[in-house]
2 protein chains.
Amino acid sequence: MAKDRKIDLVILGLLFHEDLTGYDIKKRIDGAISFFWKGSFGNIYPALSDMEKSGLVKKRRSETEGRREKILYHITDKGTDTLKDWLNAKQATNDLKYETLLKLYFGGAQDKDTALRNIGYFEEQVRADLAVLRTYKETLEKVLDRKDHVYYYLTVTFGIDTYEAYLKWCRGAKKTLNIMC
Amino acid sequence: MAKDRKIDLVILGLLFHEDLTGYDIKKRIDGAISFFWKGSFGNIYPALSDMEKSGLVKKRRSETEGRREKILYHITDKGTDTLKDWLNAKQATNDLKYETLLKLYFGGAQDKDTALRNIGYFEEQVRADLAVLRTYKETLEKVLDRKDHVYYYLTVTFGIDTYEAYLKWCRGAKKTLNIMC
DNA sequence: CGACAATATATCGTTTTGATGTATCTGTTT
DNA sequence: AAACAGATACATCAAAACGATATATTGTCG
């Protein structure tokens with residue numbers, strides 16, 4: 001136990017490419033990654049200091065004379081091994097928490113219009129997210145010659161494909177509700 | 001704060017239809033709901049006793065002479081109001097945690113075959129879940145005359161539609177990886 | 001130069017997760 | 001009727017995640 005902390009792998013994955021501060025890590029997670037994983041200061045900073053103690057990362061003070069010192073983190077060989085072991089492992093948990101579907105499931109406690117409204121809110125959100133994902137896709141398409149970018153690209157197309165499926169479902173669900181309820 | 005506990009709403013939603021024990025609630029959540037929300041004894045039992053204190057649910061001892069007493073929970077008027085207020089509120093958090101996509105995103109730290117293998121594992125899992133969802137759908141289609149079942153049905157079709165999109169994406173992603181990496 | 005946003009680190013209370021512990025009840029087999 | 005497996009039922013705990021907040025510095029723009 002105490003080895004199940006998923007945020008560790010997110011951090012190691014990011015540090016594999018470049019040295020980062022805790023704040024940088026949060027920003028990276030808030031970008032394209034946030035569509036399939038989230039992080040907060042409340043778990044990033046504790047994870048960094050734990051991983052430093054167990055030798056997965058090392059601190060590197062930035063040498064910016066005059067200005068305040070930042071704590072840059074750097075991945076160690078041990079950290080790289082941990083990252084690769086995780087990538088090689090079969091185990092992968094895909095956990096979903098759709099409050100929208102929860103509300104729909106219990107929709108019988110209210111009227112049809114409430115359910116329709118909630119589907120509408122969801123649709124709104126999906127459309128907005130989809131627009132962001134599409135700009136990510138366009139940007140990435142221009143730089144697919146770099147291997148890493150292919151991996152990023154695939155996670156973006158995953159988002160686009162599923163979000164498009166959501167929108168299609170929304171149309172059908174509204175129709176079904178209007179006919180059946 | 002201390003009002004953001006989502007498990008409360010899941011429990012209230014279930015109790016709206018019938019009185020249940022904590023154990024029953026866990027079983028219900030492990031069924032069709034588990035595709036979009038999860039629960040554990042570790043949050044169900046504390047939630048039940050907190051909600052009893054704040055008057056959202058009431059204990060009802062089962063009168064089964066001889067046998068062990070079960071603690072059945074019953075929703076109160078206050079609990080029903082809380083449930084309806086939540087259904088009427090716009091706010092709905094849809095949180096995804098795809099370890100599969102996380103591994104894919106950081107795939108550059110390993111070779112193409114590892115990424116392909118991980119997509120394969122995901123595909124396997126999705127196929128299995130899809131089969132379960134399809135039997136749910138068939139069962140529900142026979143009883144769509146009851147209003148509640150329409151709501152259950154829609155959450156199931158959501159699952160089927162998105163899982164089918166996943167499978168389509170898997171095929172495309174494997175092709176892209178083989179061409180580009 | 002004063003106001004305000006962004007950077008940067010850190011902590012705190014609440015909630016969730018996942019595993020485990022304990023005991024009882026039920027159905028089946030011999 | 002005894003033995004046993006497996007389901008039922010309630011409960012707790014450590015670890016992890018979440019979300020908000022505190023604090024201070026640096027950058028920028030009118």
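All values derive from a computational prediction rather than experimental measurement. Letters A, B, ... are given to chains in the order of the sequence lines, protein chains preceding strands, and every chain is numbered from 1.
Residue Gly22(B) is in sugar-phosphate contact alone, with no base atom involved, counting any heavy-atom pair closer than 4.0 Å across all strands shown.
Contact annotation: Lys38(A) side-chain N/O to dC18(D) OP1/OP2 distance is not under 4.0 Å. Between Tyr45(B) and dC10(D) there is a side-chain polar atom (N or O) within less than 4.0 angstrom of OP1 or OP2. Regarding contacts with the backbone of dC10(D), every side-chain N or O of Tyr23(B) stays at 4.0 angstrom or more from both OP1 and OP2. OP1 or OP2 of dT17(C) has not a single side-chain nitrogen or oxygen of Lys97(B) nearer than 4.0 Å. For the pair Thr21(B) and dT8(D), the criterion of a side-chain N or O lying under 4.0 Å from OP1 or OP2 is not met.
Rounded to whole Å, the distance from NZ on Lys70(A) to P on dA10(C) is 14 Å. Protein atom CD1 of Ile44(B) is 14 Å distant from nucleotide atom P of dT8(D), rounded to whole Å. In this structure, the CG atom of Asp24(B) is 14 Å from the P atom of dA11(D), given to the nearest Å. If you measure from atom NZ of Lys26(B) to atom P of dT17(C), you get 10 Å, rounded to the nearest angstrom. Between Leu48(A) atom CG and dT11(C) atom P the separation is 13 Å, expressed in whole Å. Computed from coordinates, the Lys6(B) NZ to dT14(C) C1' distance equals 13 Å when rounded to whole Å. As rounded to whole Å, 17 Å separates atom P of dA14(D) from atom CG of Asn43(B). Look at CG on Asp8(A): it is 14 Å from P on dA15(D), rounded to the nearest Å.
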From CA spacing to verdict: side chain to side chain contact (heavy atoms under 4.5 Å, CB included), Lys137(A), Tyr153(A): CA-CA 6 Å; Lys137(A) 191 188 174 197; Tyr153(A) 176 81; 3.5 Å; yes
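For Lys27(B), taking side-chain heavy atoms from C-beta onward, the closest of the listed nucleotides dC10(D), dA10(C), dT8(D) is dT8(D).
Ring pair Tyr98(A)/Phe158(B) is perpendicular by interplanar angle, where above 60° counts as perpendicular and below 30° as parallel. Below 30°, between 30° and 60°, or above 60°: for Tyr23(B) and Phe41(B) the angle between ring planes is below 30°, a parallel geometry. Using cut-offs of 30° and 60° for the angle between ring planes, the Phe122(A) and Tyr166(A) rings count as tilted.
The 5' end of DNA chain D is approached more closely, in terms of each residue's nearest nucleotide, by Lys59(B) than by the other of Ile7(A) and Lys59(B). Heavy-atom distances to DNA chain D give each of Ile71(B) and Ser40(A) a nearest nucleotide, and the one nearer the 5′ end belongs to Ile71(B).
Residue Leu144(A) comes nearest to Val150(A) through the heavy atom pair O-CG2, 3.6 Å, listed as atom of the first residue, atom of the second, then distance.
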